[in-house]
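Hydrogens, waters and symmetry mates are skipped; everything else that's a heavy atom, side chains included, is used. Treat the numbers as computed from the prediction; the structure is a model and nothing was measured. In the text below, chain A, chain B and the rest are named by the order of the sequence lines, each starting its count at 1.
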There are 4 protein chains.
Amino acid sequence: MKEDNKEKRIFDAALKLFVENGIDNTSISLISKEAGIATGTIYLYFDNKVDLINKLYISIKKEILEIICTEPTESMLSYDLLEKLWMDGVEWGVNNPCAYRFMMQTEISPYCNEELSAQFANYMKVLTKLVLGSIESKKFKDLPPEYILETIWTHLICTIGYIAKTKTRERKIFFQTLLDGIKY
Amino acid sequence: MKEDNKEKRIFDAALKLFVENGIDNTSISLISKEAGIATGTIYLYFDNKVDLINKLYISIKKEILEIICTEPTESMLSYDLLEKLWMDGVEWGVNNPCAYRFMMQTEISPYCNEELSAQFANYMKVLTKLVLGSIESKKFKDLPPEYILETIWTHLICTIGYIAKTKTRERKIFFQTLLDGIKY
Amino acid sequence: MKEDNKEKRIFDAALKLFVENGIDNTSISLISKEAGIATGTIYLYFDNKVDLINKLYISIKKEILEIICTEPTESMLSYDLLEKLWMDGVEWGVNNPCAYRFMMQTEISPYCNEELSAQFANYMKVLTKLVLGSIESKKFKDLPPEYILETIWTHLICTIGYIAKTKTRERKIFFQTLLDGIKY
Amino acid sequence: MKEDNKEKRIFDAALKLFVENGIDNTSISLISKEAGIATGTIYLYFDNKVDLINKLYISIKKEILEIICTEPTESMLSYDLLEKLWMDGVEWGVNNPCAYRFMMQTEISPYCNEELSAQFANYMKVLTKLVLGSIESKKFKDLPPEYILETIWTHLICTIGYIAKTKTRERKIFFQTLLDGIKY
DNA sequence: CATGAATGAGGCTTCATTCAT
DNA sequence: TATGAATGAAGCCTCATTCAT
């Protein structure tokens with residue numbers, strides 16, 4: 001039978017090498033060596049290299065989105081909720097630097113098309129609801145919701161990068177620049 | 001002497017194709033065809049493919065930095081100055097979508113190393129001075145200057161992307177989210 | 001004991017796929033899927049792929065030769081005998097189009113060597129005797145017996161192909177072109 | 001500039017190896033070695049392996065058809081004309097054993113599709129005219145013209161094979177078996 | 001006997017780079 | 001300078017075969 005965690009080993013090896021060398025400078029053969037398996041074995045788990053890239057991207061994106069986009073407890077104010085989501089996101093990014101870098105690389109590469117992005121629509125619902133509600137109740141500025149969503153995401157990414165580089169323990173002061181930027 | 005503008009034609013062709021297909025899916029041969037010259041000719045102007053990528057990146061990065069980082073007139077307040085720089089940057093990005101995308105792609109790719117980035121230190125002086133001064137005079141929050149610089153850059157990139165996608169004429173309201181985020 | 005008819009299922013699957021896609025474009029794995037068994041099972045019945053090809057070829061060639069080369073009843077004239085053999089051969093070919101095509105393909109391929117062909121010497125005795133006798137008794141032209149044998153075989157193959165393509169019910173008129181060609 | 005006869009050297013090498021080992025057991029790399037060029041060079045002349053196979057087949061088929069299907073002199077009787085064509089064909093086949101074998105192999109392989117065959121329609125006109133005219137004037141039996149064409153071709157192939165194997169100088173007696181078979 | 005995951009050699013093809021013209 | 005045919009290393013992928021279950 002297919003061995004327990006071979007797919008995970010391929011994922012881990014690919015992620016490490018993609019981030020180190022770039023996707024296109026990482027050969028399937030190299031991935032297989034890093035994963036400690038034969039080249040052909042990768043093709044038992046993935047149709048081809050693009051399929052591997054896509055599935056890796058999806059797996060990572062879902063992981064972060066599941067963290068960020070979990071349904072909130074009823075009692076939370078929208079500011080608190082945003083802060084909680086943002087903090088969780090930062091923590092994930094700081095603890096998964098490779099995953100974070102790969103996600104960024106892929107998102108602006110030609111490997112990331114609309115079809116791929118469409119898979120995550122569901123996850124965005126929580127965040128979208130939060131933003132729409134906060135605009136309506138005049139907690140957020142009256143900006144296009146998509147712009148606010150983009151801003152949140154970009155600011156998160158930017159902060160993760162800064163924290164990863166400087167290893168600072170600060171969090172709250174960075175979050176404040178986001179909140180002050182978008183709050184009414 | 002080297003013919004008039006052949007280097008520019010190579011740059012233009014490479015930029016277009018790099019953005020369309022990704023750097024590694026763009027062959028030198030394809031670039032030469034797009035530029036209307038022979039394959040070998042590219043090697044009269046560039047040492048190799050990486051050299052072409054680097055020089056293209058440098059050329060673009062300098063273009064945007066020269067726009068953003070020009071010495072301000074004495075009379076400008078720091079808020080006004082930041083706004084002017086930011087506005088110029090947005091306009092450049094919206095008008096040069098390929099250059100903008102290429103710059104982003106390259107910056108997180110393995111092609112962009114520290115040695116390359118170091119070339120732009122000079123250009124950053126203006127901006128750095130602006131940020132340091134504004135922190136000191138309590139116009140900006142007391143955050144690490146590098147974080148503020150990163151935030152400005154990221155916010156700029158994010159907004160260019162949004163405007164390029166939606167073709168909106170709005171500018172000021174987007175700038176306000178940056179300013180509110182970092183001002184004291 | 002080896003399960004009932006698994007070898008036959010492999011033969012059938014291989015024959016179908018070899019004819020559809022060519023021998024070298026048919027993988028063992030594909031054959032196993034078509035046969036509804038596991039890949040490794042094929043290696044319980046055949047040493048390797050070449051062995052499968054050879055045994056399939058032998059099995060088919062024997063089938064047609066057994067039909068064509070059965071001992072005649074004493075009373076038959078050589079013309080009648082030839083006609084009977086030829087008719088049987090045509091009928092087999094028309095009813096077994098895959099087998100017929102595979103046999104042709106294999107016979108001119110590098111898979112078919114002298115050692116393989118030698119296995120059928122026995123079967124040819126009847127036909128050889130018929131031809132030699134007919135030449136001696138001046139019923140057939142005084143041509144090299146091997147040439148006549150080749151002619152008979154080729155003409156048979158040609159006619160099967162034509163009938164398979166056109167679905168015609170005609171038989172006798174085609175046989176006549178063979179007989180007129182070689183009879184004294 | 002593309003060197004004078006490199007395409008021919010590829011053709012010659014491919015033809016030799018295809019016949020010796022079979023098409024699918026002949027790698028592009030092997031062909032390039034036999035031709036004394038680099039592997040990649042083959043792809044300057046052919047799109048891919050199938051393209052090479054097709055173009056080689058077309059080139060050979062056209063060669064033999066041009067020999068066989070040249071317009072006859074007015075004065076020739078149809079029997080004489082058929083004999084001349086047949087003799088020319090036999091001579092070509094005997095002198096080009098590789099080409100002859102490759103043509104046969106390819107014709108019953110999956111590489112030979114209808115689209116490929118359609119390219120030769122023009123060449124067949126002479127032969128078709130000869131056959132139709134001969135049937136009408138009761139020189140040939142009243143058989144389907146396609147069957148007669150097939151018979152001629154098959155008989156030619158069969159005879160070439162026999163002569164190549166036995167090195168016999170005989171010709172006329174073999175032609176007679178064809179003529180007797182189809183003449184009225 | 002039967003399975004099918006795993007292997008890794010080998011095939012097809014691409015492409016950065018060179019060099020003779 | 002400019003050309004583009006030629007090179008051959010390297011990448012993706014297939015598949016005959018093995019072997020632990």
> How does DNA chain E read in dot-bracket, base by base from 5' to 3', with Watson-Crick or G-U pairs under 3.5 Å and | used when the partner is on another strand?
Replying inline: .||||||||||||||||||||

>> For a quick check under 3.5 Å, do D/Y45 and D/D51 share a side-chain donor-acceptor pair by atom type?
In response: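 No, D/D51 and D/Y45 have no side-chain donor paired with an acceptor closer than 3.5 Å.
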
> Quick one: are B/I42 and B/S32 in side-chain contact, heavy atoms under 4.5 Å?
Replying inline: yes

>> On DNA chain F, does the nearest nucleotide to C/Y43 precede the nearest nucleotide to B/G36 from the 5' side, or the other way round? Give the residue.
In response: B/G36

>> Go nucleotide by nucleotide along DNA chain F from the 5' end; which of C/D24 and C/D47 gets its closest nucleotide reached first?
In response: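 Per heavy-atom nearest nucleotide, the more 5' residue is C/D24.
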
Starting the side chain at C-beta, find the nucleotide from [options] nearest to [X].
X	options	value
C/L44	F/dA2, E/dT3, F/dA5	E/dT3
C/A38	E/dT3, E/dT13, F/dT17	E/dT3
A/T39	F/dA2, F/dG4, F/dC13	F/dC13
A/Y45	F/dA5, F/dG8, E/dA6	E/dA6

Expressed as a whole number of angstroms, how long is the span from [X]:[atom1] to [N]:[atom2]?
X	N	atom1	atom2	value
A/I10	F/dC13	CD1	C1'	14 Å
D/E7	F/dA6	CD	P	11 Å
D/N25	F/dC15	CG	P	13 Å
D/Y111	E/dC12	OH	C1'	11 Å

For [X] and [N], is the shortest distance between a side-chain N/O and OP1 or OP2 below 4.0 Å?
X	N	value
D/T41	F/dT7	yes
D/K49	E/dG11	no
D/K6	F/dA6	yes

Shortest non-hydrogen separation from [X] to [Y] and the atoms involved:
X	Y	answer
D/I31	D/A13	O-CB, 3.7 Å
B/G22	B/T26	O-OG1, 2.8 Å
A/G93	A/Y100	O-CB, 4.1 Å

Have a look at [X] and say if it touches a base, only the backbone sugar-phosphate, or nothing, with a 4.0 Å heavy-atom cut-off.
X	result
B/L30	nothing
A/I28	sugar-phosphate
B/S27	sugar-phosphate
D/S32	nothing

> Below 4.0 angstrom, N of the basic side chain to O of the carboxylate: do D/D12 and D/K16 qualify?
Replying inline: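 Looking at D/K16 together with D/D12, the answer is no, because their closest N to O distance does not fall below 4.0 Å.
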
>> Tell me which one of C/E107, C/Q119, C/Q105 satisfies side chain to side chain donor-acceptor pair (under 3.5 Å) with C/Y57.
In response: C/E107

>> Please evaluate residues C/F46 and C/F11 with respect to the criterion ring-ring contact (aromatic ring centres under 6.0 Å, His included), reporting the C-alpha separation (whole Å), side-chain torsions for both, the decisive distance (0.1 Å), and the verdict.
In response: CA-CA 11 Å; C/F46 304 95; C/F11 269 163; 5.6 Å; yes

> In terms of the nearest nucleotide of DNA chain E, which residue is placed more toward the 5' end: D/V50 or B/T26?
Replying inline: D/V50

